[in-house]
Number of protein chains: 2
Amino acid sequence: MQNKYDALKLDNQICFPLYACSKEIVRMYKPFLDDIDLTYTQYITMMVMWETEEINVKSLGERLYLDSGTLTPLLKKLETKGYVVRNRSKTDERNLLVTLTDKGRELKKKAICIPEKMAGCVHLTRDEAFELYRLLHKVLSAAEDEKNG
Amino acid sequence: MQNKYDALKLDNQICFPLYACSKEIVRMYKPFLDDIDLTYTQYITMMVMWETEEINVKSLGERLYLDSGTLTPLLKKLETKGYVVRNRSKTDERNLLVTLTDKGRELKKKAICIPEKMAGCVHLTRDEAFELYRLLHKVLSAAEDEKNG
DNA sequence: TAAAATTAAATTGTATGCAATTTGTTTTCG
DNA sequence: CGAAAACAAATTGCATACAATTTAATTTTA
């Protein structure tokens, strides 16, 4: 680098393209998600629900990197839409169990076309997508380690 | 993939690790940014200001992928902190010029240590960081193209 | 076993982030 | 020229995000 301040240039950061890319990807999803009346955060939440059928808020938060401050209102909205129900666990009332409904399962059929449409928007080769995936997960692992000690 | 719904699994998406990674990186910046009393968004804004000294809101927004709805209150905060001043352009009053102050320039000296500290948190090799950078910019270019037609 | 510690959600407060609309200014063009 | 179109910010409304605190339930431990 030419001088000691070059490190502070936006173009020399790795954080910034990550931040920008994440937002742009979410923006590209929007028209597809509008079709099924979900926001991006609601969509990734439903993806977990489609996989697990039932999960408590804490586990859901660990999966999505979100806390109860974000999830509580979001899950109430998904409940209002009829895609999940929220009930306290019988065995441990501290836990709130989020359960997929039939209507929520139905939504999966409408959502099935979205990953394909999005893949068409991100112009990476198969190898590039895989390498990007690997690198992002490596950074995520480092972040996890740093978080846990 | 085993069945047609596998594409809807969170682990098979490229968008999700991107979204999670972005948030985790911002989280890792927080302690360093707390030291100089900036949020992440304020930090990337100041990075542009340190580079350009003066810029209007529209150009700043194009650089940061943010719109006036986000930038207007943020710039007012940075002005309150004394790091920038906001004035309408004499030649075209539609434009609001954001200008770095001496105090804003001083802040750069305190911020100089941050990129190094962050590099230590993201455990990628030089080559991996470069490849990640390249792939993110490729996705950003695709997003730009899609946006502009 | 009862107080202390831990845990899980919910709540509160602050800061984005963005779509859509409004306001004020400038440019275009009939 | 002067109305219409284009443009730049600001504003409004809604949806995250997350830190910090509170509330309620469970587990630990003295």
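In what follows, chains are A, B, ... by sequence order, proteins preceding strands, each numbered from 1.
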Ser89(B) and Thr91(B): side chain donor to acceptor below 3.5 Å: yes

message: Tell me whether Ile112(A) shares a hydrophobic cluster with Leu107(A), the cluster being built from Ile, Leu, Val, Met, Phe, Trp, Tyr side chains joined at under 4.5 Å.
response: yes

- prompt: Of Lys90(A) and Lys58(B), whose closest DNA chain D nucleotide lies nearer the 5' terminus?
  reply: Lys58(B)

message: Using a heavy-atom cut-off of 4.0 Å across all strands, would you classify Thr70(A) as base, sugar-phosphate, or nothing?
response: base

query: Counting side-chain heavy atoms from CB outward, which of dG17(C), dA9(C), dT25(C) is closest to Arg88(A)?
result: dA9(C)

- request: From the options dA6(D), dA25(D), dG17(C), select the nucleotide whose nearest atom is closest to the side chain of Arg94(A).
  value: dA25(D)

- request: Please work out if Ser68(A) contacts a base, only the sugar-phosphate, or nothing of the nucleic acid, heavy-atom cut-off 4.0 Å.
  value: base

Value in whole Å for how far the C1' atom of dA10(C) lies from CG of Asn56(A): 14 Å

field: Main-chain N/O of Lys81(B) paired to Lys103(B) side chain as donor or acceptor, under 3.5 Å
entry: yes

query: Tyr29(B) versus Tyr43(B): any side-chain heavy-atom pair under 4.5 Å?
result: yes

message: On DNA chain D, does the nearest nucleotide to Tyr65(A) precede the nearest nucleotide to Thr72(B) from the 5' side, or the other way round? Give the residue.
response: Thr72(B)

statement: Assign each of Val57(A) and Thr91(B) the nucleotide of DNA chain C bearing its closest heavy atom; nearer the 5' end lies the nucleotide of Val57(A)

- request: Can you tell me the distance, in whole Å, between the OH atom of Tyr19(A) and the P atom of dG17(C)?
  value: 3 Å

message: From CG of Asp34(A) over to C1' of dA20(C), roughly how many Å is that when rounded to an integer?
response: 13 Å

statement: Here the distance between atom C1' of dT11(C) and atom CG of Asp67(A), to the nearest Å, is 11 Å

- prompt: What nucleic acid atoms does Asp92(B) come within less than 4.0 Å of, heavy atoms only: base, sugar-phosphate, or nothing?
  reply: sugar-phosphate

query: Side chain of Thr80(B), backbone of Lys76(B): donor and acceptor closer than 3.5 Å?
result: yes

- prompt: When you check the phosphate oxygens OP1 and OP2 of dA10(D), does a side-chain N or O of Arg86(B) lie under 4.0 Å from one of them?
  reply: yes

- line: note: Ile44(B), atom CD1; dG17(C), atom C1'; distance rounded to Å ~ 11 Å

message: Given dA9(C), dA15(D), dA15(C), identify the nucleotide with an atom nearest to the side chain of Thr39(B).
response: dA15(C)

- prompt: Base, sugar-phosphate, or nothing: which does Leu71(A) touch, judged by heavy atoms less than 4.0 Å apart?
  reply: nothing

query: Starting at CG of Leu33(B) and ending at P of dA15(C), how long is that distance when rounded to a whole Å?
result: 14 Å

field: Charged N-O contact under 4.0 Å between Lys58(A) and Glu62(A)
entry: yes

Among dT11(C), dA6(D), dA19(D), the nucleotide that comes nearest once only the side chain of Lys30(B) is considered: dA19(D)

- prompt: For the pair made of CG in Leu66(A) and P in dT16(C), what is the distance, rounded to whole Å?
  reply: 18 Å

task: Answer yes or no: does a side-chain N or O of Lys23(B) lie under 4.0 Å from OP1 or OP2 of dC18(D)?
output: yes

query: Is any side-chain nitrogen or oxygen of Asn95(A) closer than 4.0 Å to OP1 or OP2 of dA25(D)?
result: no

- line: Between NZ of Lys77(A) and P of dC14(D) the distance, given in whole Å, is 11 Å

- request: Compare side-chain N and O positions of Lys76(B) against OP1 and OP2 of dT11(D) and report whether any pair is under 4.0 Å apart.
  value: yes

